[in-house]
Every structure is written in structure tokens, then in C-alpha cells.
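All remarks here apply to the structure that follows.
Chain naming here is simple, since letters A, B, ... match the order of the sequence lines and numbering starts at 1 in each.
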Protein chains: 2
Amino acid sequence: MENPKTPPSLSAKIADAIRTAIVDGRLLVGDRLPSESELADNHGVSRATVREALKRLAAQSLIRTERGAFGGAFINHLSYAEARAQQVTTSTLLLGMNAISFQVACEARYALERSCTSLAAERRTDALLATMRSEIDSQSTRDLSDEAFCASDVAFHRALVDCAGNEVLSYHLAGSVEAMQPLMNMITFTARSRAEIIDLHRAIVSGLERRDVASVDRALATLEAYTITLGQTVLKARATR
Amino acid sequence: MENPKTPPSLSAKIADAIRTAIVDGRLLVGDRLPSESELADNHGVSRATVREALKRLAAQSLIRTERGAFGGAFINHLSYAEARAQQVTTSTLLLGMNAISFQVACEARYALERSCTSLAAERRTDALLATMRSEIDSQSTRDLSDEAFCASDVAFHRALVDCAGNEVLSYHLAGSVEAMQPLMNMITFTARSRAEIIDLHRAIVSGLERRDVASVDRALATLEAYTITLGQTVLKARATR
DNA sequence: GACGATATGAATGTCAGACAATTAAATGTC
DNA sequence: GACATTTAATTGTCTGACATTCATATCGTC
């Protein structure tokens, strides 16, 4: 967690000890940790140090603290929403900080997204198909900003992965899709390219409706290739400016 | 990040402000934050509060701190290893805390893993194929503990996803595969089931070598079905004990 | 006895000030 | 110029205090 060259601080050590206990299942959801004063005594450190350790754990949503009598630090139930938020933050930063080519990121994202098509075609619901159509309508709005277009694009793809009816799958794929958003926001979508993308979105919905996995896969592959082309255009424009 | 019912603490607010600045790119890798005292003055809080905020960010590997003159808090370069470690922690806890059926988790994992087969068959290297064969040898060792068998199984599948030659894809898939390990550790692998699994691993390697995507996909599908069967056997045994 | 207002106590949240430990740079010495 | 020493900046930790929150117990009134 911390630079291995510097010896870990006391607060880091205490946080690690508690984190290990949680991951190993020695502390269960809902359990209450000892009070900060007790923890301080147990570990032979000051309360301030214990508090720093607890804040580290809170940042990972491992614990939640409540004030007042019989308050304290409780082992948190990690919800899908919290887990997804963390995964998106981590993945977004990873993509932003590692000079990853747009093409590699895109290739990974669409490879992952294709993993849901078979289940999605099998299990898609009318409600989710309606959501996807509604997002397509949004994307067709005139004078839509590029950011809004991207946001709707993300919502469309999240609905697509949700069609697979597997929360765990949705969690992983949502991380992969949303982490791409900052990269996608670099692209300026012309009316021409928007029309192209919307057509492919229509093909995806239609394919899901007919439970035609192959046609969904084809549309996604075309979308991937087209997105990479758009990305390369942007990069070329940047290089020559 | 924190319970929305309770108003966020000052340290949480300060951490959020800095986190947003990092994610938005207003703070770049290597940038140094003001010293704790300066941050305390700027935000009108005590140093202890600032420190709690910084520990939250450190827990997410967003910053790294160095002591001494001209030390301080620096925006951290998020490496693949750090990102993967965090993703694994989050995903493991998500699976452990949400009463997810073994079947759903397994379905998600293998769906995701299949997303790399096409690229893997195309790009597999001799080195990675050798790694996979070596893990198969490990798995064939007599008197191997179930934990060691699982660990080797994870290493095998990580080599498989690495074959795709896409770091971003490896990052996402490693999270999905490794997070399953605690669930897999609940299974006791008989000599019979080990032999079955090893046969399928051999089929995967052979398929990659021949660049035969379909046969790799088939082997993975069989492995998925077999793993789910094993999991159900365990659950039944638990239910009746 | 019932019920509402109040006190109590335990816990987290925050603060102020101090000291220790660490480290790069400035300074001094040969 | 090379090397040892001092210095200053910064994080890490400790102490003790007070503010805030909140469930429970207590008390007073009817």
C-alpha cells in the first residue's frame, strides 16, 4: 500500500492488521471495532494514530463510523454502488496515468463488453431495452454537447451489460466502461460520427431483441473499430497542431 | 464514500476536494501538495484533520508521502500492481459480503475470461505457454494441498489472460479471477476432479498453441460447468451437515 | 403508572501545541 | 574539491482538551 522503501508508519500497520482481519473473515459485517481509546491502548499508540488508521479503512469503505453513544467503527457492508465507485476511480486513474494508447484501452473495453452479449441476448428485459432506446433518443438530440453525448453513451452501454442479469458481471463491466469516459471525452463527435454510432446502437438493441448474438457481436466489433478510428483522428490532429 | 445520512466530516470533505482535483487532472502525477500546515491554514482546520484527509487518499494510493525536508505528499503514479491489488481487495470483499451465489460469481468470471481467448490465441507467446505448462505440472504434483492447487490454478489463468497482450485487459481480468479465489478455496478437490481440471487446462494450452479459438472457448465452457457442479456439491454437503 | 423533559455517559470529531525522526540543502572545514 | 556538520523543513506521533452526537437512564409532573 505504501512505498516499500520507507518503513510503514504505525497507522499503516494498524490499518493493515484490521484490514487483514476483515478480508480473512475474522471480523464480520456489522461487527463493531473497539473504541478508538481502546484500540489506542491495545496497540500502545495514541488516539490520533488510531484515527488515521481508521480513516484509511474508511476510505476503502471497509468500515463506517457512527457518532454518539454506542457509536463507533463498524465493519461496513460493501454495496455494489460503493464497490463500483471505487473500481471506477481506480481504473480511471490507471488509464489516465499510464500513457496507455487509446487503441489498447479500447480493445480491452470492447473485448470485455462482448463477454456479456450471449447472456444479454438470452436474458434482456423489456425495461432495459426501453432504457437503451431512450438513450438512443437522447443521443439523437440536436445541439447536444459532446460531454452529454458521452454520458448517454455510457448509460447505453451500462444498460447493455445489465441485460446479462448478472450483478457481478455488471460490476466488472461498469468499471471497464466508465473508466473509458475521460478518454472518450477527448473526442469531438461530429454529426456524421454521431449518426454512425447511433446506427450501431440501434443495431445492438435490435439484435438483443431478436436474441441474435452474432449481430450484436458484429455491431460491437464495428463500433470498436470505428471508435479507434475516431481516436486516431484526434491523436493525429493533436500531433500536428 | 461515507454514509450519506451523516454529514461528511471535515477530513472527508478535504479528501474529496483533493481527490476531485486529481481525477480531473488539475493535479498531475509527481505534483507536490502543500505541506500539512499550509493545507491546514488554507482550509481553516487543524493539522490533525488534514492528516486524516491525507491518510484517506494514501489508502487509495492517490498520494504518497515522503518525510524530511522537501518531503511532503506527492500525487502518486498508480502502477498496474497497485491498481490490481486494490481492485482485488474490493472485488473479494464484494463477493464475500453480498451472499452471491457461487453460480453467479462463476458465470461472471468465465464470461469475462472468455473475452480474452480470441486475442490470446492470436498473440500467445512461447514464454507464456511455458508458464501455463509449468503450472499444469505443479497441479499434477501428488500431496498438493487444496490451497496450493487453487493458487496454481489462479496463476494458470493469469497467464492465460496475459496471452492477450493487453495490459488493461489483464488488469480487469486479474481482478475478476483473483477475487474468486476465496470462494474456490471452499472447494475440496479430489484426485478425480483435479485430473478433470488438469485435462481441461491441457486442452486450453493446446488450443492456444494451435490458435484454435473455438477449442479454447469450449474448454473454458466445460471448465465453467464443471466448476459450478463442484461448487454445488460443496453447498449441498454444507446444507446437510 | 404514564409520559415528556432533562441529565448522563460514551463515543467520535476537532483543535492546539509539543516533540521526535527524517532528509535535502546549506554551511563549514580541511 | 571532498567530506563532515549544521540547519531548516516536513512528516510522524503524543498529549490533553473541548465540541458534538446520541442512546439510555433519570426525574418531575400529571
>> Protein within reach of the bases, or only the backbone? For nucleotides 16-22 of chain C, mark each nucleotide 5' to 3' as B, S or -, using heavy atoms under 4.0 Å.
In response: --B--BB

>> For E135(B), give me all partners under side chain to side chain donor-acceptor pair (under 3.5 Å), at least two apart in sequence or on another chain.
In response: S152(B)

>> side-chain hydrogen bond (donor to acceptor under 3.5 Å, both in side chains), that's the test. Do S46(B) and T49(B) meet it? Break it down for me.
In response: CA-CA 5 Å; S46(B) 74; T49(B) 302; 3.3 Å; yes

> Have H172(A) and R84(A) got a donor and an acceptor in their side chains that come within less than 3.5 Å?
Replying inline: no

> Atom CD1 of I63(B) and atom C1' of dT11(D): how far apart are they, to the nearest Å?
Replying inline: 11 Å

> To the nearest angstrom, how far is L54(B) atom CG from dT13(D) atom P?
Replying inline: 13 Å

>> Rounded to whole Å, please give me the gap between CZ in R32(B) and P in dT23(C).
In response: 15 Å

> Do the side-chain N and O atoms of S170(B) and D162(B) include a donor-acceptor pair separated by under 3.5 angstrom?
Replying inline: yes

> To the nearest angstrom, how far is E66(A) atom CD from dA10(C) atom P?
Replying inline: 19 Å

> Within this structure, what is the CG-to-P distance between L39(B) and dA9(D), rounded to whole angstrom?
Replying inline: 17 Å

> Between S61(B) and Q86(B), is any side-chain donor less than 3.5 angstrom from a side-chain acceptor?
Replying inline: yes

> Tell me: CZ of F70(A) to C1' of dC22(D), nearest whole Å?
Replying inline: 11 Å

> For the side chain of E36(B), counting heavy atoms from C-beta on, which of dT14(C), dG12(D), dA11(C) is nearest?
Replying inline: dG12(D)

>> Could you check whether any side-chain heavy atom of C150(B) comes within less than 4.5 Å of a side-chain heavy atom of F189(B), counting everything from C-beta outward?
In response: yes

> With side chains defined as the heavy atoms from C-beta onward, is the minimum distance between Y171(A) and T90(B) less than 4.5 Å?
Replying inline: yes

> CZ of R51(A) versus C1' of dT20(D): gap in Å, rounded?
Replying inline: 12 Å

> Below 4.0 angstrom from OP1 or OP2 of dC15(C), is there any side-chain N or O of T49(B)?
Replying inline: yes

> Just how far, in rounded Å, is C1' of dA11(C) from CZ of R64(A)?
Replying inline: 15 Å

> Reckon S37(A) has a side-chain N or O less than 4.0 Å from the OP1 or OP2 of dA11(C)?
Replying inline: no

>> Looking at dA10(C), I'd like to know if its phosphate oxygens (OP1 or OP2) sit under 4.0 Å from a side-chain N or O belonging to S35(A).
In response: no

